[in-house]
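Since the structure comes first, as C-alpha cells, the remarks are kept for the end.
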Amino acid sequence: MSNEQERQEQQVLRAADGLVAAFAEERLDDYFSAFAPDATFVFHTTDRRIESVAEYRRVWASWAADDDFHVLKCRSSDRRIQLWDDTAVFTHTVETDVSTRTGTGTLHERETIVFRRGADALWLAVHEHLSPAVPFPPDPAGQPRPLG
C-alpha cells in the first residue's frame, strides 16, 4: 500500500469515526453534516429508501416524537475501508444501545457507508445501508419481524 493510499484511508477512517461518534452522542447537527445533502439511506427498520439528509432528519424527528427514541451508546468493530479514487466504502459491525418508550435494548447490525471525497478534499458520506447482523426468521405468517 502506498503512502498516499494509507493517508486517504486514515482520512476516511477519521470521517467514519466522527460520524459514528456524533451518532453515539446524539450530536445530530454534527451527525447529519457528515453526509452530503443528497445522500441516500437504506435501513432495515424503514419501509422505503430515504432520499436526502433533510428527509432523514424528518424521519429521525418522528422516531423521537413517536417512540421517544434515543441513542445511548454505539460501538463499531470489524471495520474495513476500500478505496477507489475519490470513493471509499466503509463497512463495519455496529452495536447500538437505544432507548424508546418501551425500554432499552441493544441493536446488532452491519453497516456500509459510502464516502466521496469532495473538491475540498473532505470525505462526506453519500450513502448508508444498515442491516441486522443476524437476520430474523419470518414470523409464522411469513412477514418479516421488526426489530425492537
Any chain of hydrophobic side-chain contacts (each under 4.5 Å) joining [X] to [Y]?
X    : Y    : answer
I50  : L107 : yes
W123 : V114 : no
V71  : V59  : yes
L130 : V89  : no
V53  : F90  : yes

N-O pairing of R7 and E4 below 4.0 Å = yes
Give the intermediate values and the outcome of side chain to side chain contact (heavy atoms under 4.5 Å, CB included) for residues H92 and D78.
-> CA-CA 5 Å; H92 63 150; D78 191 26; 5.8 Å; no
Nearest atoms (heavy-atom pairs only) where [X] meets [Y]:
X    : Y    : result
P132 : R110 : O-NH2, 3.3 Å
C74  : A24  : CB-CB, 3.6 Å
D85  : R117 : O-NH2, 3.7 Å
S33  : L124 : O-CD2, 3.6 Å
E111 : I113 : OE1-CD1, 3.7 Å

Between atom [atom1] of [X] and atom [atom2] of [Y], what is the distance when rounded to the nearest 0.5 Å?
X   : Y    : atom1 : atom2 : value
L13 : E6   : CG    : CD    : 12.5 Å
E25 : K73  : CD    : NZ    : 12.0 Å
D29 : R27  : CG    : CZ    : 10.5 Å
T45 : E109 : OG1   : CD    : 7.0 Å
L83 : E9   : CG    : CD    : 5.0 Å
E26 : L72  : CD    : CG    : 7.5 Å

Whether over 12 other heavy atoms sit under 6.0 Å from [X] [atom1]:
X    : atom1 : value
R49  : CZ    : no
D66  : CG    : yes
R80  : CZ    : no
R116 : CZ    : no

Look at the aromatic rings of F35 and Y31 and report parallel, tilted or perpendicular, splitting at 30° and 60°.
-> perpendicular
Pick one: which of F41, F43, F23 meets ring-ring contact (aromatic ring centres under 6.0 Å, His included) with W60?
-> F23
Worked verdict on D97 versus E95 for side chain to side chain contact (heavy atoms under 4.5 Å, CB included) = CA-CA 7 Å; D97 297 339; E95 284 188 1; 5.7 Å; no
With R79, which of D17, T93, T91 fulfils side chain to side chain donor-acceptor pair (under 3.5 Å)?
-> D17
Under 6.0 Å between the ring centres of F69 and W63?
->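 Centroid separation for F69 and W63: below 6.0 Å.
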